[in-house]
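Lettering of chains follows the sequences in order, A, B, ..., and the numbering in each one begins at 1.
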Number of protein chains: 2
Amino acid sequence: MSRRDQILDVALELLERDGVESLTMRSIAEAVGMRAPSLYKHVPDKRSLEAGLIARGLAAQAGVFERAARKRSPLAALAQAYRGWAREHPHLYRLMTDGPLPRDLLPPGVEAAAAAPLLAVTGNVGRARALWGLAHGLVSLELAGRFPPGADVDAAWRVGIAAFAATTTGSRSRSTS
Amino acid sequence: MSRRDQILDVALELLERDGVESLTMRSIAEAVGMRAPSLYKHVPDKRSLEAGLIARGLAAQAGVFERAARKRSPLAALAQAYRGWAREHPHLYRLMTDGPLPRDLLPPGVEAAAAAPLLAVTGNVGRARALWGLAHGLVSLELAGRFPPGADVDAAWRVGIAAFAATTTGSRSRSTS
DNA sequence: GTCTATAGTGGGATAGAC
DNA sequence: GTCTATCCCACTATAGAC
């Protein structure tokens, strides 16, 4: 395992424990067991380090979403998987969604792989993006703590999914090609 | 007009022009025409200054959303108003949604006022939150530049609104009480 | 491939004179 | 209510010795 991968491992742990604000070259270096300047022998700059974490997140999502899309109610399962993954990795999720993807630094295909299950389940791009919007909106309001205290977030998800399920009846009998 | 309000005016301009990252006590002071330490004679700290901006944003949204909710297709009009406001005030929008509301520093009622039109149009809280999720998700992905280049965001909005409209038929004949 | 030293920049906030 | 001076903190990144 390359030193770069070790650094990414440690950075990911740090990110998921303490959040984006705490992910500094200094803190990463300390956790790895070296001084901050030494990191630059393995990683060109911070942006590429973050891109490495984002790539891992997209790959992980792809796996989880693919499995969900094969369940009985793929749309509901996918929504649940989306929310679940975000709640398990809130800081990584925010890093992945708070700004434009560093597409120039991402392994080719990783963005498409994460999106593919959603596209397969919804059947077309417009519906996929709308459902993504719903899921991302509910997730990010929840992660940000923006709902009023005591808000029934589960209920909001049920209503949203039901609305989409009602308009996606045609895709159930369609193959995933 | 109090000196505090003048400071908030300037801070709001600065925020909307340059973004949250550029909104520093130093930059605000310079734009006001004083030194940073002097700000603390009018505002206890940065957090309360930001809370003042958020309160203004919520009040502005309340006005815009109320007007939209009185149009012929209230749900679609509200969605369009939501997106439009966010695009006109992207940095303020992010300040308002990226974290928990500083409810302890907000004028009472201002959060509810911004939410009321949405609640009136959707008819119940679950549907209101689901629609908010959809709108916030699409808006924040758009503002963050997270959609792939060339993505048809308008189409995603149409699909999402159509899905909700199909499940909200009962509210059209209901009064806003 | 690691280190020390340091450049260069920025931030929020306080003390105390006037 | 404004100022100067300052504290203390943090960050990314580079130079150059070893």
Side-chain angles (χ1 to χ4, degrees), chain A residues 1-56 91-92 94-96 98-106, chain B residues 1-56 91-92 94-96 98-106:
Chain A
M1 188 192 232
S2 77
R3 207 89 171 95
R4 181 175 188 272
D5 286 339
Q6 290 174 7
I7 290 170
L8 285 182
D9 283 350
V10 168
L12 187 54
E13 267 180 53
L14 224 57
L15 169 66
E16 302 213 318
R17 179 167 12 110
D18 303 332
V20 200
E21 316 267 87
S22 303
L23 190 72
T24 68
M25 297 304 271
R26 284 155 145 83
S27 67
I28 296 167
E30 189 191 8
V32 171
M34 58 170 58
R35 306 293 168 181
S38 305
L39 291 175
Y40 291 88
K41 296 291 182 179
H42 308 280
V43 163
D45 52 26
K46 198 188 181 186
R47 184 164 173 269
S48 99
L49 194 154
E50 288 176 344
L53 299 180
I54 291 171
R56 289 183 174 205
H91 299 299
L92 178 55
R94 294 195 87 160
L95 180 65
M96 292 165 66
D98 273 5
L101 282 184
R103 296 193 170 85
D104 52 326
L105 299 176
L106 254 32
Chain B
M1 190 193 229
S2 76
R3 205 89 172 94
R4 180 174 188 275
D5 286 339
Q6 291 174 6
I7 290 171
L8 284 182
D9 282 351
V10 168
L12 187 54
E13 267 180 54
L14 224 58
L15 169 65
E16 302 213 319
R17 179 165 16 109
D18 302 332
V20 201
E21 315 266 88
S22 303
L23 189 73
T24 68
M25 298 304 273
R26 286 161 144 87
S27 68
I28 296 167
E30 188 191 8
V32 171
M34 57 170 58
R35 305 293 169 177
S38 305
L39 291 175
Y40 291 89
K41 297 291 182 179
H42 307 281
V43 163
D45 52 26
K46 198 188 181 188
R47 184 164 172 269
S48 98
L49 195 154
E50 288 176 344
L53 300 180
I54 291 171
R56 289 184 175 205
H91 299 299
L92 178 53
R94 292 194 88 160
L95 180 64
M96 292 165 66
D98 272 5
L101 283 184
R103 296 192 170 87
D104 52 326
L105 299 176
L106 254 30

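At whole-Å resolution of the value, CG in A/Asp45 and C1' in D/dC11 are 14 Å apart. Taking atom CD of residue A/Glu50 and atom C1' of nucleotide D/dA13, one finds them 15 Å apart after rounding to whole Å. As rounded to whole Å, 20 Å separates atom P of C/dG8 from atom CE of A/Met25. In this structure, the NZ atom of B/Lys46 is 17 Å from the C1' atom of C/dT14, given to the nearest Å. Summarising the geometry, the separation between CD1 on B/Ile7 and P on D/dG1 is reported as 10 Å, rounded to the nearest angstrom. Protein atom CZ of A/Arg47 is 11 Å distant from nucleotide atom P of D/dA13, rounded to whole Å. Distance A/Glu21 CD to C/dG11 C1': 12 Å, rounded to the nearest Å. Atom CG of B/Leu23 is separated from atom P of C/dG10 by 16 Å (rounded to the nearest Å).
The only option from A/Leu95, A/Leu92, A/Asp98 that meets the side-chain contact (heavy atoms from CB on, under 4.5 Å) definition with A/Val20 turns out to be A/Leu95.
Between its two ends, the helix from C/dG1-D/dC18 to C/dC18-D/dG1 turns its axis by 10°, counting five pairs per end and rounding to 10 degrees.
The side chain to side chain donor-acceptor pair (under 3.5 Å) search around B/Arg17 returns none, not counting sequence neighbours. Annotation: side chain to side chain donor-acceptor pair (under 3.5 Å) contacts of A/Arg94 (sequence neighbours excluded): none.
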Show the distances under 3.5 angstrom between N or O atoms of the protein and N or O atoms of nucleotides 2-4 of chain C.
unit_1: C/dT2; atom_1: OP1; unit_2: A/Arg3; atom_2: NE; d: 3.1
unit_1: C/dT2; atom_1: OP1; unit_2: A/Arg3; atom_2: NH2; d: 3.2
unit_1: C/dT2; atom_1: OP2; unit_2: A/His42; atom_2: NE2; d: 2.5
unit_1: C/dC3; atom_1: OP2; unit_2: A/Arg35; atom_2: N; d: 2.7
unit_1: C/dC3; atom_1: OP2; unit_2: A/Ser38; atom_2: OG; d: 2.9
unit_1: C/dT4; atom_1: OP2; unit_2: A/Arg35; atom_2: NE; d: 3.3

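Here the CG atom belonging to B/Asp9 is positioned 7.5 Å from the CD atom belonging to B/Gln6, to the nearest 0.5 angstrom. Atom CG of B/Leu39 is separated from atom CZ of B/Arg3 by 9.5 Å, given to the nearest 0.5 angstrom. Atom CZ of B/Arg56 is separated from atom CE of B/Met96 by 13.0 Å, given to the nearest 0.5 angstrom. Taking CD from A/Glu13 and CG from A/Leu23, the interatomic distance works out to 12.0 Å, rounded to the nearest 0.5 Å.
Counting only residues at least two apart or in different chains, side-chain hydrogen bond (donor to acceptor under 3.5 Å, both in side chains) contacts with residues 37-55 of chain B comprise B/Arg47-B/Asp104.
Residue order along DNA chain D, read from the 5' end via each residue's closest nucleotide, puts A/Thr24 first among A/Pro44 and A/Thr24.
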Counting only pairs under 3.5 Å, give me each side-chain donor-acceptor contact of residues 26-36 of chain B, with atom names and distances, residues two or more places apart or in other chains.
unit_1: B/Ser27; atom_1: OG; unit_2: B/Ser22; atom_2: O; d: 3.0
unit_1: B/Ser27; atom_1: OG; unit_2: B/Thr24; atom_2: N; d: 3.1
unit_1: B/Ser27; atom_1: OG; unit_2: B/Thr24; atom_2: O; d: 3.0
unit_1: B/Ser27; atom_1: OG; unit_2: B/Thr24; atom_2: OG1; d: 3.2

